[in-house]
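Reckoned from all heavy atoms, side chains included, excluding hydrogens, waters and symmetry mates.
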Amino acid sequence: MDMHTVVVGTSGTTAQDVIAVARDNARVELSAAAVSALAAAREVIDALAAKPEPVYGVSTGFGALASRHISPELRAQLQRNIVRSHAAGMGPRVEREVVRALMFLRLKTVASGHTGVRPRIAQTMADVLNAGITPVVHEYGSLGCSGDLAPLSHCALTLMGEGDAEGPDGVVRPAGELLAAHGITPVELREKEGLALLNGTDGMLGMLVMAIADLQNLYTSADITAALSLEALLGTDKVLAPELHAIRPHPGQGASADNMLRVLAGSGLTGHHQDDAPRVQDAYSVRCAPQVNGAGRDTLAHARLVADRELAAAVDNPVVLSDGRVESNGNFHGAPVAYVLDFLAIVAADLGSITERRTDRLLDKNRSHGLPPFLADDAGVDSGLMIAQYTQAALVSEMKRLAVPASADSIPSSAMQEDHVSMGWSAARKLRTAVENLARIVAVELYAATRAIELRAAQGLTPAPASLAAVEALRAAGVEGPGPDRFLSPDLAAADAFVRAGNLVAAVEPVTGRLA
């Protein structure tokens, strides 16, 4: 196996593999053990299908229609029909990486041998991923219970050669045409297989895995920008001392304080005010950055724990157990995933909020300790970063709306058979927006803080080597700050791209060592 191939076995997968397939187009292969497990479980389903007694999902209808026994000649039609009827999503298309993560995670559960589908179904799923074919999946249609039903149904339609999909060239075409162009034969579903393709938390889990990866970068970036702002405001780094954080031993808090201390090593600005204009304490947004950032880090660690457990799970209903029993269950309920998705949106909103407060402080001449109004080159002739803070404030306001939990809601469906749902898909969708907004918010602070660091250097003070590395890297990337002979409009989109790509962390780590 090379680094561009992910082998799917019977025991789950990893976050790294999900991201490799979803974002980096890694190839997917089924292990020999997975193929054997698939075949063994299918023998159990075939044996049950031959019996006269009804078995849910094998020889009955679904959901509120589970009481009807389906005769053998109608079962293939039943499996096709559940896919077709459940492919009822609406709204904008879901991002390609989300759909690939969703398909890969459904394949992960199928390969466990607990779903009862034939090996050919699993291989076709892998073939579609490897061909770069992406089903058209829509924003609305999942309640986060009994699986991400509509999103997964649109993916299953593609396996059947129906519906629309996007080819590797980015063009949307009928799925049957795309399969034919890549030599893939559409599947003909048999007992249990249609249901097995729809019954999982794969969409919300895929979005959780990617959000965790993105937030890890953003929390480290936010530690760096908080340190730059502290330095530019002539704050004291004494509050970052390890012994202070050891007596309140939250691991995230200690990690954030250590990150900030590393960035500020060698600074000639920190504590400068102690001589010129003594302040008893810095403002909360400066002094409490490790506590807020760190609490978010600890929440991220909890979310990672939940994600890892879910990545090891086989979510379907009914399931084929190792002793040959086929049992109905409630493991498809999305509550564990939905809760942490909402929790991450809450802490992201608070990180955005404290970040914006530091930016506002940098721009206010009454609180910035000698910096020009709005960090303008010629205040009055130009407005500096005044409206950059407006943009940041608007994003923070939206973050607070996005922090309202989706998982606190439930709406009954399926004639009251599914009378309590998780809304986990909705929690995941709003978290994606929150993560995008948080990157923009951190980028505005970076833009302001590096501008302020440059101004302090012009005042004859000596910024920390890591701070200068951040400034130099940002400017080398073409992100110019306002000043003489520079375009006055803030280049915030470029700063956002710089942060989002992890370039800020990469810029300072040669000076600081690896940051948490």
Handout entry: Short N-O contact, Arg80 and Glu162, less than 4.0 angstrom
Key = no

Problem - Lys/Arg-Asp/Glu bridge criterion (N-O < 4.0 Å) met for Glu97, Arg432 - result: yes

Handout entry: Close side-chain approach of Glu193 and Leu159, heavy atoms under 4.5 Å
Key = no

Exercise for the section: May I ask you to decide if Ala196's main-chain N or O and Arg106's side chain share a donor-acceptor pair within less than 3.5 Å? Expected result: yes

Completion exercise
The single option from Thr450, Leu228, Val479 that satisfies side-chain contact (heavy atoms from CB on, under 4.5 Å) with Val471 is Thr450

Handout entry: Approximate separation, where rounding is to 0.5 Å, of Leu143 CG and Ser426 OG
Key = 7.5 Å

Problem - N-O pairing of Asp214 and Arg23 below 4.0 Å - result: yes

Practice task
Could you tell me whether a side-chain N or O of His333 sits under 3.5 Å from a main-chain N or O of Ala335, the two making a donor and an acceptor?
Solution key: yes

Fill in the blank from the handout: With sequence neighbours left out, the residues meeting ring pair (Phe, Tyr, Trp, His ring centres under 6.0 Å) with His138 are His154

Problem - Residue among Leu240, Asp223, Thr512 satisfying side-chain contact (heavy atoms from CB on, under 4.5 Å) with Arg262 - result: Thr512

Handout entry: Side-chain (Asn437) to main-chain (Met399) donor-acceptor, under 3.5 angstrom
Key = no

Exercise for the section: Output the distance between atom CG (Leu341) and atom CD1 (Ile212), rounded to the nearest 0.5 Å. Expected result: 8.5 Å

Handout entry: Student check: side-chain heavy atoms of Ile19 and Val209 closer than 4.5 Å
Key = yes

Problem - His182 (side chain) donor-acceptor with Leu178 (main chain) under 3.5 angstrom - result: yes

Problem - Under 3.5 Å side-chain donor-acceptor pair for Asp316 and Thr115 - result: no

Practice task
Verify, without hydrogens or angle tests, whether Glu231 (side chain) and Ala464 (backbone) share a donor-acceptor contact under 3.5 angstrom.
Solution key: yes

Exercise for the section: Would you indicate whether the side-chain heavy atoms of Arg118 and Leu38 approach each other to under 4.5 Å? Expected result: no

Handout entry: Beyond-backbone contact of Arg100 with Asp24, side-chain heavy atoms, under 4.5 angstrom
Key = no

Practice task
Say whether, by atom type as modelled, one donor and one acceptor occur between the side chain of Lys108 and the main chain of Ala313 under 3.5 angstrom.
Solution key: yes

Handout entry: Sidechain-backbone polar pair: Lys430 side chain, Arg401 backbone, donor-acceptor under 3.5 Å
Key = no

Problem - Check: Val128 and Leu179 side chains under 4.5 Å, non-hydrogen atoms - result: yes

Exercise for the section: Give a yes or no on whether the backbone of Thr109 and the side-chain of Ser112 come within a donor-acceptor separation of less than 3.5 Å. Expected result: yes

Handout entry: Any side-chain heavy-atom pair of Val137 and Cys155 under 4.5 Å
Key = yes

Fill in the blank from the handout: In this structure, OG of Ser285 is separated from CD of Glu445 (nearest 0.5 Å) by 8.5 Å

